There are 2 protein chains.
Amino acid sequence: MLKVDHDMKVKFLHGFSHKTRIQILECIKEEEKTVSQIVEDIQGNQSNISQHLACLKGCGIIVGRQEGKYVYYGLRNQQVRELLTMFDVVLEDVESDVATCENHIE
Amino acid sequence: MLKVDHDMKVKFLHGFSHKTRIQILECIKEEEKTVSQIVEDIQGNQSNISQHLACLKGCGIIVGRQEGKYVYYGLRNQQVRELLTMFDVVLEDVESDVATCENHIE
DNA sequence: CACACATATTAGGTATTGCTAATATGATAG
DNA sequence: CTATCATATTAGCAATACCTAATATGTGTG
């Protein structure tokens, strides 16, 4: 069994738990993009996207790299890319069932 | 590219985004358990755990099965188990960096 | 059927998260 | 060094998620 800090795990996974963040990840899955490209691609507002990017970065999911006046964001590494792919694979299977159920925790 | 419903994906991933839910998943990763076993294992309160179980079930991550007066919860399938394992693998790598960063979205 | 035990649900308050709008920082070009 | 463009940060409000305590449902047993 691997030793992974529990709080860190929670923090990491928290990164995947919001619609906008998933959109961002899908959007930069194949190639890094600048903030403004992302904003345009997913039709978001700059401040909001910037906050979510900070969140994703803080969670260790993406990395940013400044180039001139642009900042390029991309997935942290190949493993994260594989994880995103795996989400889709697992979901293929789960899909039919989840559709029918409405409850979040409340 | 796989076709996965976006909202469903968000919903599914939401399941992994809370400390207690991660604990539950770790707790039932290898073998299914009853609610009361889970409550005891992670030192939670019955109502709260029950709500998180409903959430995980609604997200398609776990399944429940009634047996007599007990309900056994276990991971939905082997793929979900692999996903959990993969979290740990990816985290091994990310770990050093995330530790230093504090920001959630706020 | 009444009781005990396991689990689920509800209600309501509290805390967290996320949004928008405004402003600040930081980089390049002229 | 000023103006402009890209991005980040902040503040305050709105929405959502979460927790606890109470109650309900459901299942087996005497």
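Below, all heavy atoms of this structure are taken into account, side chains as well, without hydrogens, waters or symmetry copies. Protein chains get the first letters and strands the later ones, always in sequence-line order, with residue 1 at the start of each. Just so you know, these numbers come straight off a predicted model, no measurement behind them.
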For atom CG of B:Asn45 and atom P of D:dA22, their distance in whole Å: 12 Å
Heavy-atom donor-acceptor pair, A:Ser36 side-chain to D:dA6 base, under 3.5 Å: no
Of the nucleotides C:dC19, D:dT20, C:dA8, which one has an atom closest to the side chain of A:Thr20? C:dC19
To the nearest angstrom, how far is B:Leu56 atom CG from D:dA17 atom C1'? 14 Å
In whole angstrom, what separates B:Gln37's CD from C:dC5's C1'? 15 Å
Between P on D:dA11 and CG on A:Asn48, what's the gap in Å once rounded to a whole number? 18 Å
Tell whether A:Gln46 reaches the base of D:dA8 with its side chain through a donor-acceptor pair below 3.5 angstrom. yes
Classify the side chain of B:Ser47 and the base of D:dA21 as holding, or not holding, a donor-acceptor pair under 3.5 Å. yes
How far apart are the closest heavy atoms of B:Lys33 and B:Ile28, and which atoms are they? CB-CG2, 4.2 Å
Looking at C:dT7, does its base get a donor-acceptor pair with the side chain of B:Gln51 below 3.5 Å? no
So does B:Gln51 get a backbone contact from the side chain of B:Asn48, meaning a donor-acceptor N/O pair under 3.5 Å? no
Using a cut-off of strictly less than 4.0 Å between a heavy atom of the residue and any atom of DNA chain C, enumerate the qualifying residues of residues 62-72 of chain B by number. B:Lys69, B:Tyr70, B:Val71
Within the structure, does a side-chain N or O atom of A:His18 lie under 4.0 Å from either OP1 or OP2 of C:dC19? yes
Out of C:dT20, C:dA8, C:dT17, whichever nucleotide has its closest atom nearest the side chain of B:Ser50: C:dA8
CD1 of B:Ile38 versus C1' of C:dA6: gap in Å, rounded? 12 Å
Main-chain N/O of B:Phe16 paired with B:Arg21 side-chain donor or acceptor, under 3.5 Å: no
So which nucleotide from D:dA21, D:dT9, D:dA17 ends up closest to the side chain of B:His14? D:dA17
Give a yes/no on whether any side-chain N or O of A:Tyr73 is located under 4.0 angstrom from OP1 or OP2 of D:dA8. yes
If you look at every heavy atom in B:Ile24 and B:Ile42, which pair is closest and at what distance? CG1-CD1, 3.7 Å
Rounding to an integer number of Å, can you tell me how far B:Leu53 CG sits from D:dC18 C1'? 15 Å
So does A:Lys29 get a backbone contact from the side chain of A:Arg81, meaning a donor-acceptor N/O pair under 3.5 Å? yes
Give, for atom CG of B:Leu25 and atom CD1 of B:Ile61, the distance between the pair rounded to the nearest 0.5 Å. 6.0 Å
Rounded to whole angstrom units, what separation is found between the NE2 atom of B:His52 and the P atom of D:dA17? 12 Å
For A:Glu40, look at atom CD and say whether over 12 heavy atoms of other residues, nucleotides or ligands are found less than 6.0 Å away. no
Send over the distance from A:Ile42 CD1 to C:dG18 C1', rounded to a whole Å. 14 Å
